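Below: the structure, in structure tokens.
Just so it is clear, the model here is predicted, and its values are computed rather than measured. Counting starts at 1 for both ligands and their atoms, in listed order.
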Amino acid sequence: MNADTITHTVNLPLPVFHVPPTLNERLDDAEREALTAEIRTLLARENAVLVAHYYTNPDLQALAEATGGYVSDSLDMARFGHEHPAQTLVVAGVRFMGETAKILNPEKRVLMPDLGAECSLDLGCPADQFAAFCDQHPDRTVVVYANTSAAVKARADWMVTSGSALDVVRHLHAEGKKILWAPDRYLGDYIRVNTGADMLLWNGACIVHEEFKGQELAALIATHPQAKVLVHPESPPSVIALADVVGSTSQLITAVKTLPAQTFIVATDRGIFYKMQQAAPDKILLEAPTAGYSATCRSCAHCPWMAMNGLRKLAHTLRTGGNEIQVSAELAARAVLPIKRLLDFSAAQKQQVFGNNDA
Ligand code: 13P
Ligand code: SF4
């Protein structure tokens with residue numbers, strides 16, 4: 001058995017889906033400047049705020065920050081959009097992030113630069129197959145990762161993100177719950193091993209993180225023995241086993257800022273380097289290898305769907321009001337429950353850690 005074989009997975013044939021080539025937007029300085037100025041005007045005119053994920057183009061991340069918007073991981077993007085008063089949320093990221101924003105804010109308009117920006121985890125977990133899987137295991141609490149469709153969330157008891165999954169599953173395990181987990185088998189297995197919970201896993205994977213290679217990473221570490229290794233938990237076990245820090249995108253950025261090391265090897269989408277470098281300009285960041293034995297390089301450490309976001313498409317969306325996310329009221333009413341459960345859980349946790357400052 002290969003070191004990265006996961007044993008607690010459901011044995012279902014997964015859907016075959018198309019992975020587009022990674023096509024980053026290319027702009028010269030004049031076009032970038034013109035688009036940026038236009039988008040600033042349009043955001044103000046439309047009473048809109050831009051929320052971007054760390055994996056998107058640096059132009060978008062910079063613009064989000066410069067216009068009072070936000071750049072973060074999937075959990076905090078949802079939180080920010082929910083709390084911000086703007087009537088239009090523009091979500092630069094992938095479709096499930098836009099859907100989550102819409103589900104939490106049904107009265108707001110949610111726009112995205114490209115509605116075709118999917119996610120292999122979402123595509124690999126069709127709602128009908130997932131519902132059948134849940135029906136076969138009625139004794140299990142259904143926990144789904146944020147990277148799923150609204151219909152899959154609607155079938156779940158809890159939604160989690162990479163930054164919150166350990167705490168939520170630990171909590172459920174302490175209550176004696178058995179868990180049905182979807183869709184990422186690597187993240188699910190990491191949580192299972194670290195909590196001791198009884199977890200049955202859907203067989204999905206992120207096409208970006210599953211390409212990181214344990215053997216080649218070990219060889220890179222050998223040439224940089226002082227480096228700290230930062231790994232997103234959607235990576236295979238052989239890669240996670242070599243990590244100094246395993247965490248969500250936000251947690252990995254915090255690690256670069258706070259750990260007293262000079263060099264870091266980073267196993268996640270390279271879009272994150274923009275923020276990491278900003279957080280720690282003097283530090284050296286190396287990409288974890290995706291090449292080597294059995295390499296497919298379908299993504300080469302950059303999500304092809306995140307790469308669909310760019311200034312041209314963003315300006316077009318704001319000009320036309322196109323690419324609006326739609327989730328039916330009936331579906332949203334069901335899908336919001338597992339999302340709210342997570343937001344309430346993490347707010348209660350914060351309260352426990354920091355206490356009530358208003359008191
Ligand atoms: P984060 O929640 O860590 O931002 O991860 C989202 C994602 O899609 C990672 O591939
Ligand atoms: Fe999905 Fe992976 Fe892209 Fe994240 S990096 S959006 S998990 S395909």
Using the ring of each side chain (for Trp, its six-membered ring), is F80 parallel, tilted or perpendicular to Y70, with breaks at 30° and 60°?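 Rings of F80 and Y70: parallel, under 30°.
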Within ligand 1, which atoms have a heavy atom of [X] less than 4.0 Å away?
| X | value |
| --- | --- |
| N147 | 7 (C), 8 (O) |
| S248 | 3 (O) |
| E234 | 7 (C), 9 (C), 10 (O) |

Does the side chain of [X] reach to within under 4.5 Å of the side chain of [Y], using non-hydrogen atoms?
| X | Y | result |
| --- | --- | --- |
| I221 | L242 | yes |
| R26 | E31 | no |
| K275 | T249 | no |

What residue among F345, W181, Y145 forms ring pair (Phe, Tyr, Trp, His ring centres under 6.0 Å) with W158?
->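 Between W158 and the candidates, ring pair (Phe, Tyr, Trp, His ring centres under 6.0 Å) is satisfied uniquely by F345.
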| By number and element, which atoms of ligand 2 are closer than 4.0 Å to a non-hydrogen atom of Y55? |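 Heavy-atom distances to Y55 below 4.0 Å select 5 (S).
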Do the charged groups of [X] and [Y] touch, with an N to O distance under 4.0 Å?
| X | Y | result |
| --- | --- | --- |
| D198 | R192 | no |
| E210 | R185 | yes |
| E83 | R79 | no |

* To do: Looking only at protein heavy atoms, identify the closest one to atom 2 (O) of ligand 1 and say how far it is in Å.
  =>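 It is S74 OG, 2.7 Å.
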What residue and atom, counting heavy atoms only, is the protein's closest point to atom 6 (C) of ligand 1, and at what distance?
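Checked against all protein heavy atoms, atom 6 (C) of ligand 1 sits closest to H53 NE2, 3.7 Å.
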Ligand 1 contact on Y54 by region, counting heavy-atom pairs under 4.0 Å =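 Neither; no heavy atom under 4.0 Å.
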- Task: Using a cut-off of 2.8 Å, count how many protein N, O or S atoms are strictly closer to atom 1 (Fe) of ligand 2.
- Result: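 Considering protein N, O and S only, atom 1 (Fe) of ligand 2 has 1 within range.
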Work out which heavy atom in D184 is nearest to a heavy atom in A205; give both atom names and the distance.
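Shortest heavy-atom separation between D184 and A205 comes out as OD1-CA, 4.3 Å.
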If you measure from atom 3 (O) of ligand 1 to every heavy atom of S250, S162, S72, A165, which option wins on shortest distance?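 Among S250, S162, S72, A165, the closest heavy atom to atom 3 (O) of ligand 1 belongs to S162.
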request  = Would you tell me which option among H232, H209, M306 has the nearest heavy-atom contact to atom 5 (O) of ligand 1?
outcome  =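 Among H232, H209, M306, the closest heavy atom to atom 5 (O) of ligand 1 comes from H232.
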request  = Take R140 and D157 through the salt bridge (charged side-chain N to carboxylate O under 4.0 Å, His left out) test and state the conclusion after the steps.
outcome  = CA-CA 10 Å; R140 290 181 178 265; D157 299 305; over 6 Å; no
Does ligand 1 have an atom that lies less than 4.0 angstrom from a heavy atom of M77?
->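 In this structure, M77 fails to qualify as a contact of ligand 1 - no heavy atom is under 4.0 Å.
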When you look at CD of E175, are more than 12 heavy atoms from neighbouring residues, nucleotides or ligands closer to it than 6.0 Å?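 Yes - once you tally the heavy atoms of other residues, nucleotides and ligands closer than 6.0 Å, there are more than 12.
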